[in-house]
2 protein chains.
Amino acid sequence: MHATTLHRPTHRETLWELEEAFERGDLVTVFGRCTVDYDGRATSSLGSGNRLVILKPDGSTLVHTDEKRTPVNWQPPGSEHHASVRDGRLRVRGTRRNPAETLDVHFEQVHQFSALSVTGGRDLDLHGSEEDLRQHVLDDPSLVESGFIPLETERESAAGPMDIYGEDGDGTPVVVELKRRRVGPSAASQLQRYVEALHRELGDESEVRGILVAPSVTDRTSALLDEEGLEFVALDPDTGRPPDGDTATGDSEETQNTEETEKTADTGDSEGTS
Amino acid sequence: MHATTLHRPTHRETLWELEEAFERGDLVTVFGRCTVDYDGRATSSLGSGNRLVILKPDGSTLVHTDEKRTPVNWQPPGSEHHASVRDGRLRVRGTRRNPAETLDVHFEQVHQFSALSVTGGRDLDLHGSEEDLRQHVLDDPSLVESGFIPLETERESAAGPMDIYGEDGDGTPVVVELKRRRVGPSAASQLQRYVEALHRELGDESEVRGILVAPSVTDRTSALLDEEGLEFVALDPDTGRPPDGDTATGDSEETQNTEETEKTADTGDSEGTS
DNA sequence: TTGTTCATGTCGGCG
DNA sequence: CGCCGACGTGAACAA
């Protein structure tokens, strides 16, 4: 581990240290007054101001102001860094092809330069994603509906892979779409795509049910689900159980299967993870 | 403008400077060996390693490794920073409510601390977004189709706001969905949602056309569009004209209006921007 | 605050 | 490398 820092360096000094840092594979931060120009998937320009520029050894460039989580300008990983001095200004350029794009940072003045060796320890242990929700459902399919039997995950269809494919107690095909958070209209459309594709695949006479599993759903989306004959089951991705305010279980006398459907899954005695 | 930098400071020194920097509203960078723990919308932990931590005066926290554009961990703007020393470690905590979430960075060692005044100049001039494409179409509606008349943008429907609502030469309602880049299935679904909602709104006897305007479309999506009776028009968001390889203009003898539809817009003499 | 959608989204996985 | 969908998406804007 090492850290090189220059205070108010000349452009020539910065240029030299930049190239050394690129060579070593350091992470570089440059704080200074600069303009930024981007051209590629879109086009942008940013007037002069003091910003923090980060150059990563994987080729990425981040230009940060004092606000927001998202950089005001950037270049993705896989780009190439190149630095030069022209017209009394230091230029740091990031380029890539496919898509072709270029980011130019022109420094009028560099207030601070740092080269840091940031190697090691970058794998994150994350819980609470859609993957976890799926595991909950596979561990105890009755969470979706009593009698539900998962048959396949990521099952392919003409509309793409569906999260969980299975059958209900009557042997009717069921498509389950999982969302880790409150869902909007797009999730309903996505589920509908899968249901329609499967319906076409299995034959026009076949019934196919679609169930959206998420912690909650917006009003408009709830209406869309109703119109499409799709169903909703409330599940929290963390606990794998119905959220606290478990209203809107979808059965507002509009679900198409009016026979004795038991939607209330019996909680409690799930054996859980192996 | 000022920049304070400490090289291998003690935790006590860092703590002092951190609180000063928070007070001044500086942007802070801390480079050091640390662990990171997050709990909120999800839960994550990150083992010990050398990382660059950025603390913005708007409350955001970014933890960057030597790879990727996206921080390995973060806290959004609007959070609150708090620093303390416990058990011989420096803890920097970011918290917010709604949703409730906490990010803890525990430093075993700080290699470098900087406090930077990054005020000013953060508005970006950006071109090439969907907004530009819309302007192109509104300037010359024949780009979509000869005879097309835009009536309203962001028109509300039961399925949400549609990009452009208008009429074709026959007075048939048309929903136009704009995309700045090559589109996948979700865009087709989105358009279909709007068309269906409008169809319902105007009455079951009414015909409603849906046109997807984008530079290009994937094969599967093209099939989806066909099945739904939706149309596609190829337009480049930058130039507002058909892209170079202008194949797949949608008229593969499957569009439902087989009367004399003139899809080929006359290029060239568009008056353009006012 | 909630709902909805765009984004230079970014990122990972699979074919 | 393209397609496809998740993401602690973030950010802007309207209701």
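Chain identifiers are assigned alphabetically (A, B, ...) following the order of the sequence lines, protein sequences preceding nucleic acid strands; residue numbering begins at 1 within each chain. All values below come from the heavy atoms of this structure, side chains included, with hydrogens, waters and symmetry mates left out.
Dashed line: the shortest gap from a side-chain N or O of A:Q190 to OP1 or OP2 of D:dA6 is under 4.0 Å. For D:dG5, one of the phosphate oxygens OP1 or OP2 lies less than 4.0 angstrom from a side-chain nitrogen or oxygen of A:Y194. Contact check, B:R41 against D:dC7: no side-chain N or O comes under 4.0 Å of OP1 or OP2. Residue B:R181 has a polar side-chain atom (N or O) positioned under 4.0 Å from OP1 or OP2 of C:dG9. Remark: B:S186 is not in phosphate contact with D:dC4, judged by side-chain N or O atoms under 4.0 Å from OP1 or OP2. For C:dC11, the OP1/OP2 oxygens have a side-chain nitrogen or oxygen of B:T70 closer than 4.0 Å. Applying the 4.0 Å criterion to OP1 and OP2 of C:dA7, one finds that A:Y38 has every side-chain N and O outside that range. Checking the phosphate oxygens (OP1, OP2) of C:dT8, no side-chain nitrogen or oxygen of B:R180 falls inside 4.0 Å. Phosphate contact (OP1/OP2 of C:dG9, side-chain N/O of A:W74, threshold under 4.0 Å): absent. At C:dC11, none of the side-chain N or O atoms of B:R69 fall inside 4.0 Å of OP1 or OP2 (strictly under the cut-off).
Taking the P atom of each, C:dT8 and C:dT4 are spaced 23 Å apart, rounded to whole Å. Taking atom P in both D:dC4 and D:dG8, the straight-line distance is 23 Å, to the nearest Å.
Between the side chain of B:R155 and the backbone N or O of B:V175, no donor-acceptor pair lies under 3.5 Å.
One interatomic measurement links the two molecules: CG of A:L62 to P of C:dT8, which rounds to 15 Å at whole-angstrom precision. Atom CZ of A:R122 and atom C1' of C:dC11 are 15 Å apart (whole Å). One atom, NE2 of B:H127, and another, P of C:dA7, lie 14 Å apart when rounded to the nearest Å. Distance, A:K68 NZ to D:dG10 P: 13 Å, rounded to whole Å.
A:S129 comes within 4.0 angstrom of the backbone, heavy atoms only, and of no base. Residue B:E130 is classed as a sugar-phosphate contact, given heavy-atom separations below 4.0 Å to backbone atoms only. At a threshold of 4.0 angstrom between heavy atoms, the contacts of A:P99 with the nucleic acid are absent. A:R96 comes within 4.0 angstrom of no nucleic acid atom, judged by non-hydrogen atoms across all strands. Contacts of B:N98 with the nucleic acid, taken as non-hydrogen atoms under 4.0 Å apart, involve only primed sugar atoms and P, OP1 or OP2. At the heavy-atom level, A:Q75 lies nowhere under 4.0 Å from the strands shown. Here B:A159 lies in heavy-atom contact (under 4.0 Å) with sugar-phosphate atoms only. When heavy atoms are screened at a 4.0 angstrom cut-off, A:E177 is found touching the sugar-phosphate backbone but no base atom. Within the 4.0 angstrom heavy-atom criterion, no nucleotide atom of any strand lies near B:E154.
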Check against side chain to side chain contact (heavy atoms under 4.5 Å, CB included), A:D123 and A:D125: CA-CA 7 Å; A:D123 23 312; A:D125 185 15; over 6 Å; no
The test is side chain to side chain contact (heavy atoms under 4.5 Å, CB included); show your working for B:V53 and B:L62 and say whether it passes. CA-CA 6 Å; B:V53 179; B:L62 316 178; over 6 Å; no
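Judged by distance alone with a 3.5 Å cut-off, a donor-acceptor contact links the side chain of B:N73 to the base of D:dG8.
Side chain to side chain, B:R180 and B:S129 fail the donor-acceptor criterion of an N or O pair below 3.5 Å.
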